[in-house]
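Numbers for residues simply follow the sequence, beginning at 1.
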Amino acid sequence: QVQLVESGGDSVQAGGSLRLSCTASEYFYSPYCMAWFRQAPGKEREGVAAISTRGGSTYYADSVKGRFTISQDNAKNTLYLHMNSLKPEDTAMYYCAARGPNAYCTGGYLQYRALFGYWGQGTQVTVSS
């Protein structure tokens, strides 16, 4: 059973930057699809970015392209979300999610949170104007 723990959420002003981290409880010897989702109050949880642990292909929601970068450090079993040029509409609880083992990863998976079987507890990001 994979466990995911997020950290790095904070309150920042618009235009600022944050880096979120997600540490997995085990090393992914087989391919996983790792992703960040977010959920604002009163809204559906939405996919933000995804990365394939085998090969490192990345995928982004249109709303964050050019501002957010997803990356991984396999030696540390850690996933990152680098967020720049933050906007008030980025305010949400951010969740790390994993799909696997032996999972493909495509941008389309960001539309289907049910495909991800492992979730962290979330970390809050608040952006003030």
Side-chain angles (χ1 to χ4, degrees):
Q1 185 80 1
V2 175
Q3 294 183 337
L4 304 172
V5 179
E6 304 98 332
S7 62
D10 204 347
S11 296
V12 298
Q13 289 193 330
S17 299
L18 280 176
R19 186 185 77 168
L20 305 183
S21 300
C22 169
T23 301
S25 58
E26 61 187 64
Y27 181 81
F28 294 138
Y29 288 97
S30 62
Y32 273 72
C33 183
M34 302 294 296
W36 287 96
F37 284 73
R38 67 185 181 186
Q39 187 166 17
K43 294 190 176 181
E44 292 288 321
R45 191 170 299 188
E46 63 174 355
V48 174
I51 186 169
S52 173
T53 62
R54 183 75 56 86
S57 296
T58 58
Y59 311 91
Y60 297 93
D62 288 343
S63 60
V64 305
K65 277 182 184 176
R67 299 189 300 122
F68 290 10
T69 302
I70 189 171
S71 65
Q72 59 184 352
D73 185 336
N74 290 336
K76 297 182 179 179
N77 302 344
T78 300
L79 179 75
Y80 300 103
L81 185 67
H82 305 260
M83 305 185 294
N84 297 318
S85 302
L86 283 161
K87 304 175 181 180
E89 51 263 44
D90 294 319
T91 295
M93 184 73 77
Y94 283 72
Y95 297 90
C96 175
R99 169 177 166 77
N102 297 313
Y104 290 107
C105 198
T106 72
Y109 286 1
L110 292 175
Q111 306 296 322
Y112 303 103
R113 62 181 182 178
L115 295 177
F116 292 81
Y118 304 102
W119 291 85
Q121 82 291 347
T123 187
Q124 179 67 39
V125 172
T126 302
V127 184
S128 58
S129 57

Could you pull out every donor-acceptor pair under 3.5 Å between side chains of residues 14-27 and any protein atom, sequence neighbours left out?
residue : atom : partner : partner atom : Å
S17     : OG   : N84     : OD1          : 2.9
T23     : OG1  : T78     : OG1          : 3.4
S25     : OG   : Q3      : N            : 2.9

Quiz item: ring-ring contact (aromatic ring centres under 6.0 Å, His included) with Y112: which residues, sequence neighbours excluded?
Solution: none
Self-check item: From K43 atom NZ to M93 atom CE, the distance as rounded to the nearest 0.5 Å
Solution: 15.5 Å
Self-check item: CA sep, side-chain torsions, deciding dist, call: T91, Q124, side-chain contact (heavy atoms from CB on, under 4.5 Å)
Solution: CA-CA 8 Å; T91 295; Q124 179 67 39; 4.1 Å; yes
Exercise answer: donor-acceptor pairs, residues 56-63 side-chain atoms, under 3.5 Å, sequence neighbours excluded:
residue : atom : partner : partner atom : Å
Y59     : OH   : C105    : O            : 3.0
Y60     : OH   : I70     : N            : 2.9
D62     : OD1  : K65     : NZ           : 3.2

Self-check item: For the student: nearest non-hydrogen atoms of D90 and R38, plus distance
Solution: OD1-NH1, 2.9 Å
Self-check item: Pairwise distance OH(Y104) to OG(S52) - rounded to 0.5 angstrom
Solution: 10.5 Å
Quiz item: Taking only residues two or more places apart in sequence, or in another chain, which ones meet F37 in a ring-ring contact (aromatic ring centres under 6.0 Å, His included)?
Solution: F116, W119
Practice problem: Can you see which heavy atom on C33 is nearest to which on A103, and at what distance? | Solution: N-CB, 4.3 Å
Exercise. Examine W36 and L4 and state if one hydrophobic cluster contains both, with Ile, Leu, Val, Met, Phe, Trp and Tyr joined whenever side-chain heavy atoms are less than 4.5 Å apart.
Key: yes
Quiz item: In chain order, what residues pass the ring-ring contact (aromatic ring centres under 6.0 Å, His included) check against Y94, with sequence neighbours excluded?
Solution: none
Practice problem: Can you measure from CZ (F28) to CG (L79) and round to the nearest 0.5 angstrom? | Solution: 9.0 Å
Self-check item: Main-chain N/O of V5 paired to Q121 side chain as donor or acceptor, under 3.5 Å
Solution: no
Exercise. Please collect all disulfide (SG to SG under 2.5 Å) contacts where either partner lies in residues 40-91, sequence neighbours excluded, each pair once.
Key: none
Quiz item: Nearest heavy-atom pair of A50 and L110: which atoms, and what distance?
Solution: CB-CD2, 3.8 Å
Quiz item: Got M83 and V64 here, is their nearest side-chain heavy-atom distance under 4.5 Å?
Solution: no
Practice problem: Group every Ile, Leu, Val, Met, Phe, Trp and Tyr by side-chain heavy-atom contacts under 4.5 Å, then state whether Y32 and V48 land in the same group. | Solution: yes
Self-check item: Hydrophobic cluster identity match, M34 and V2, side-chain contacts under 4.5 Å
Solution: yes
Quiz prompt | Atom pair CD/OH of Q72 and Y80 - distance to nearest 0.5 Å | solution = 10.5 Å
Exercise. May I have the step-by-step check of side-chain contact (heavy atoms from CB on, under 4.5 Å) for F68 and L81, ending in yes or no?
Key: CA-CA 7 Å; F68 290 10; L81 185 67; 4.1 Å; yes
